[in-house]
Each structure stands twice: as structure tokens, then as C-alpha cells.
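Notes for the one structure printed next.
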Amino acid sequence: MSASSLFEHFSSIDDPRQQSKVQHLLSDILFLTISAVIAGCQGWEEIEDFAHDKLPWLRKFITLANGVPRHDTIARVISRIDMT
């Protein structure tokens, strides 16, 4: 699966956040989380640490325009996605 194909799937996921308060793109958070879990990260703090450690690589695929999201932001966003 190509990165563009993956991002096409992301576009079908509804962002549950108030758009006026969004600092990090949903697609950035999703890509970061999936990449970190594939790399073996367990837990929100490890996902944030992964992002800091692999930032140059991540920026080849996502912008992270406002930097790396904090682990509590990642957890909050992921937990609010409607899985049905």
C-alpha cells in the first residue's frame, strides 16, 4: 500500500474535534500512531517519543506543522474517533 493510498483511507475518518481548536491534522496523528505502533511502541508516551526520535523521517510523509503532538493530545484524538 502506498502512502497516498493510506491517506485516502484517512480522509474517510470523521474528525471529532472542534475545527477552531485543531493544532494537529488528524491524518498526521493517525500516520504517527500507526507508524509508532508498527515500530513496536506501546502507550501514548512511547508514540510521542517515537515522533521526536523519527521526526525527519515522519516529515517525509506528514507536515507536523505545529510540531509533535503531546501524548495526551494523541490519546484524546484517537479515543474520540468513532470506530463504528
Side-chain angles (χ1 to χ4, degrees):
M1 175 182 290
S2 69
S4 61
S5 175
L6 183 62
F7 286 106
E8 283 180 38
H9 289 288
F10 290 167
S11 68
S12 67
I13 299 171
D14 291 326
D15 192 340
R17 302 173 291 169
Q18 292 178 328
Q19 291 306 303
S20 62
K21 297 180 180 181
V22 170
Q23 292 186 3
H24 302 283
L25 296 174
L26 179 61
S27 58
D28 285 2
I29 293 173
L30 292 171
F31 185 85
L32 164 59
T33 302
I34 291 169
S35 299
V37 170
I38 289 171
C41 295
Q42 297 180 357
W44 307 117
E45 292 89 358
E46 287 187 18
I47 293 171
E48 180 183 355
D49 292 343
F50 172 86
H52 288 291
D53 293 343
K54 302 295 184 185
L55 192 56
W57 179 81
L58 287 167
R59 286 205 166 131
K60 292 178 182 179
F61 305 99
I62 56 178
T63 61
L64 294 172
N66 290 316
V68 172
R70 303 258 315 148
H71 65 273
D72 55 338
T73 300
I74 298 167
R76 185 175 50 253
V77 171
I78 296 296
S79 69
R80 293 194 59 212
I81 294 173
D82 183 7
M83 301 294 179
T84 58

Can you name the side chain to side chain donor-acceptor pair (under 3.5 Å) partners of Gln18, sequence neighbours left out?
Lys21

Do Ser35 and Ile47 touch side chain to side chain, with heavy atoms closer than 4.5 Å?
no

Donor-acceptor pairs are to be reported for all side-chain atoms of residues 38-45 against protein atoms at under 3.5 Å, with residues two or more places apart or in another chain.
none

Just to verify, what does Asp49 make a salt bridge (charged side-chain N to carboxylate O under 4.0 Å, His left out) with, not counting sequence neighbours?
none

Strictly by side chain to side chain donor-acceptor pair (under 3.5 Å), give each pair with a member in residues 54-71 just once, sequence neighbours left out.
Asp28-Thr63, Glu48-His71

Kindly state each residue pair satisfying salt bridge (Lys or Arg N to Asp or Glu O under 4.0 Å) with at least one member in residues 75-84, sequence neighbours excluded.
none

Interatomic spacing from CD in Glu46 to CD1 in Ile74 - rounded to 0.5 Å:
12.0 Å

Give me the atom names and distance for the closest heavy-atom approach of Leu64 to Pro69.
CD2-CD, 3.9 Å

Taking atom CD1 of Ile13 and atom CG of Leu26, what is their separation to the nearest 0.5 Å?
6.5 Å

Heavy-atom pair with the smallest gap, counting every atom of His24 and Val68
CE1-C, 4.0 Å

Yes or no on side chain to side chain contact (heavy atoms under 4.5 Å, CB included) for Ile81 and Leu30, after CA distance, side-chain angles and deciding distance?
CA-CA 10 Å; Ile81 294 173; Leu30 292 171; 3.7 Å; yes

Indicate, with yes or no, if Val22 and Val77 share a hydrophobic cluster defined by side-chain heavy-atom contacts under 4.5 Å among Ile, Leu, Val, Met, Phe, Trp and Tyr.
no

Decide whether Leu25 and Leu55 are clustered together by the hydrophobic rule: side chain heavy atoms of Ile, Leu, Val, Met, Phe, Trp, Tyr closer than 4.5 Å, transitively.
no

List for me each residue that meets side chain to side chain donor-acceptor pair (under 3.5 Å) alongside Asp72, sequence neighbours excluded, and say none if there are none.
none

